[in-house]
> 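This structure is in structure tokens; I'll ask about it shortly.
The structure displayed is predicted, hence computed values, not measured ones. In this chain, numbering begins with 1 at the start of the sequence shown. In listed order, ligands and their atoms are each counted from 1.
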Amino acid sequence: MRVVIPGGNGKTGRAVVGALRARDVTAVPLGRGDVPGVADAAYLIAPNMHPDEPALVAGLLDALRAAGVSRVVYHSVASPYAPDMPHHLGKARAEDLVRRSGLSWTILQPGPYLQNLDLTAPVRVPYDVHAVFGFADLREVAEAAATVLTEPGHEGATYELASRTATVAGLAAEAGATAERVPGPSGLGPWFDAMFAYYDRHGLPVGTRTLAALLGRGAAAGPSDTRPTPP
Ligand SMILES: NC(=O)c1ccc[n+]([C@@H]2O[C@H](COP(=O)([O-])OP(=O)(O)OC[C@H]3O[C@@H](n4cnc5c(N)ncnc54)[C@H](OP(=O)(O)O)[C@@H]3O)[C@@H](O)[C@H]2O)c1
């Protein structure tokens, strides 16, 4: 089996390529300007915070159709229709394009990666450290990607993916680190600040059952937090 992976040279792509190659799949990461070529399937990854993800995805879907690739798995995000976060909304629109592409599709919606946090040092984030998230272990997301690409029965499915429910404070405490909210703006740009403002108010809860089922393991760990019990 041959799978092409547009965006496959980034953090997510390297994990997906590794999981596919571990299953003896020929996994071909594609960078900017690379054409898909003949393949059984594509795993489509847009770069983080792309300014026009629907246009990028539309172009990639055209390229896949032109190459005769009939199966696509799109790497989206948990809660894509969150209009307060422009990059999530871009993924919601891109999901619609994927569903109407005429290709056989599957959509994965991972929560924030556990690997985003460096727990070896004091953790400083510009949002409430007690906000609840469904964090996704990138290695498990990559396993799920390989599963839906190589096994039947996932066509037309949209799966939200989280490995565990936790807070930044809880994860830091587990690792023996401290967690602190720092004031914004983050310096990373308005879309990041919009995301952090959303995280601050709502966190990003994501169910854990789907990923557990895809990986064939039991339910994930419950909440992890050090929030003091109110008097
Ligand atoms: N981080 C998380 O917690 C998380 C959670 C859920 C979903 N996601 C989503 O996962 C996706 C991948 O994130 P990532 O951090 O792994 O990706 P990334 O490293 O930012 O980008 C992936 C690849 O995209 C290519 N690229 C960069 N700019 C481009 C452009 N303007 N046009 C076309 N291609 C371009 C680059 O490859 P070349 O240089 O080889 O062209 C890059 O290696 C993002 O869409 C993100 O929203 C992330």
> With a 4.0 Å cut-off on heavy atoms, does His87 reach ligand 1?
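The answer is no, since His87 has no heavy atom less than 4.0 Å from ligand 1.
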> Would you check whether Pro6 reaches within less than 4.0 Å of ligand 1, judged by its heavy atoms?
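No; Pro6 lies far enough from ligand 1 that no heavy-atom distance drops under 4.0 Å.
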> State whether Glu53 and Lys91 are salt-bridged, where the test is any N-O pair (Lys NZ or Arg NE/NH1/NH2 against Asp/Glu carboxylate O) under 4.0 Å.
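Salt bridge: yes.
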> For atom 9 (C) of ligand 1, what's the nearest protein heavy atom and its distance?
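Result for atom 9 (C) of ligand 1: His75 CD2, 3.8 Å.
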> Where is the nearest protein heavy atom to atom 45 (O) of ligand 1: which residue, which atom, and how far?
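Of every protein heavy atom, Lys91 NZ, 2.5 Å lies nearest to atom 45 (O) of ligand 1.
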> Any idea which protein heavy atom is nearest atom 4 (C) of ligand 1, and the distance to it?
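Its nearest protein heavy-atom neighbour is Tyr113 CZ, 3.4 Å.
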> Are Glu151 and Arg23 ion-paired here, with the side-chain N under 4.0 Å from a carboxylate O?
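Looking at Arg23 together with Glu151, the answer is yes, because their closest N to O distance falls below 4.0 Å.
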> Starting from atom 41 (O) of ligand 1, locate the nearest protein heavy atom and write down its residue, its atom name and how far away it is, to 0.1 Å.
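For this ligand atom, the closest protein heavy atom is Arg32 N, 2.8 Å.
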> Going by the atom numbers of ligand 1, which of them fall below 4.0 Å from some non-hydrogen atom of Gly111?
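Reading through ligand 1 atom by atom, the close ones are 5 (C), 6 (C).
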> Which is closest to atom 37 (O) of ligand 1 by heavy-atom distance: Leu108, Val206, Ile5, Asn9?
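It is Asn9 that holds the nearest heavy atom.
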> Are Leu117 and Pro112 close enough that some pair of their side-chain heavy atoms sits under 4.5 Å apart?
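A side-chain contact under 4.5 Å is absent here.
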> Please name the pair of heavy atoms, one in Thr106 and one in Gly156, separated by the smallest distance, quoted to 0.1 Å.
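Smallest heavy-atom distance, with atoms named: OG1-N, 4.4 Å.
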> Out of all atoms in ligand 1, which are within 4.0 Å of some heavy atom of Ile45? Include the element for each.
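Going through ligand 1 atom by atom, the ones under 4.0 Å from Ile45 are 11 (C), 12 (C).
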> Could you state the interatomic distance from CG (Leu211) to OG1 (Thr147), rounded to the nearest 0.5 Å?
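Reported value, rounded in 0.5 Å steps: 9.0 Å.
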> Is the ring pair Phe196/Phe192 parallel, tilted or perpendicular, if the boundaries are 30 and 60 degrees?
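Because their plane-to-plane angle lies in the 30° to 60° range, the rings of Phe196 and Phe192 count as tilted.
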> For atom 14 (P) of ligand 1, what is the nearest protein heavy atom, given as residue, atom name and distance?
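Protein heavy atom with the smallest distance to atom 14 (P) of ligand 1: Thr12 OG1, 3.7 Å.
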> Just need the protein heavy atom nearest to atom 6 (C) of ligand 1, so name the residue and atom and give the distance.
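That would be Pro110 O, 3.5 Å.
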> Any atoms of ligand 1 less than 4.0 Å from a non-hydrogen atom of Pro112? List them with their elements.
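Taking each heavy atom of Pro112 in turn, ligand 1 has 3 (O) under 4.0 Å.
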> Regarding Glu140 and Arg217, does a basic nitrogen lie under 4.0 Å from an acidic carboxylate oxygen?
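Salt bridge present between Glu140 and Arg217.
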> Identify, for atom 17 (O) of ligand 1, the protein heavy atom at the shortest distance, and state residue, atom and that distance.
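Closest protein heavy atom to atom 17 (O) of ligand 1: Asn48 N, 3.9 Å.
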> So which atom in Ile45 and which in Gly13 form the shortest heavy-atom distance, rounded to 0.1 Å?
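It is CD1-CA, 3.6 Å.
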> Can you tell me which residue and heavy atom of the protein come closest to atom 7 (C) of ligand 1, and the distance to 0.1 Å?
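Of every protein heavy atom, Ser76 O, 3.4 Å lies nearest to atom 7 (C) of ligand 1.
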> Check for me whether Gly8 has a heavy atom closer than 4.0 Å to any atom of ligand 1.
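Contact check Gly8 vs ligand 1: negative.
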> For a quick check under 3.5 Å, do Tyr159 and His154 share a side-chain donor-acceptor pair by atom type?
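Present: a donor and an acceptor within the cut-off.
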> Under 4.0 Å between a side-chain nitrogen and a carboxylate oxygen: does that hold for Asp62 and Arg65?
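Answer for the salt bridge query: yes.
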> Nearest heavy atom to atom 29 (C) of ligand 1: which of Gly10, Ala78, Gly13, Pro47 does it belong to?
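Heavy atom nearest to atom 29 (C) of ligand 1 belongs to Pro47.
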> Output the list of atoms in ligand 1 that are nearer than 4.0 Å to some heavy atom of Lys11, sorted by atom number.
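Close to Lys11: 16 (O), 19 (O).
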> For the CD atom of Glu95 and the CH2 atom of Trp105, what is their distance to the nearest 0.5 Å?
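It comes to 8.5 Å.
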> Is there a polar contact between ligand 1 and Asn116, counting only N or O atoms under 3.5 Å apart?
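Yes; at least one N/O pair falls below 3.5 Å.
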> If you measure from atom 12 (C) of ligand 1 to every heavy atom of Ala15, Ala46, Gly7, which option wins on shortest distance?
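Minimum heavy-atom distance to atom 12 (C) of ligand 1 goes to Ala46.
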> With rounding to the nearest 0.5 angstrom, report the OG1 to CG distance, Thr26 to Asp40.
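Answer for the OG1-CG pair, Thr26 versus Asp40, is 9.0 Å.
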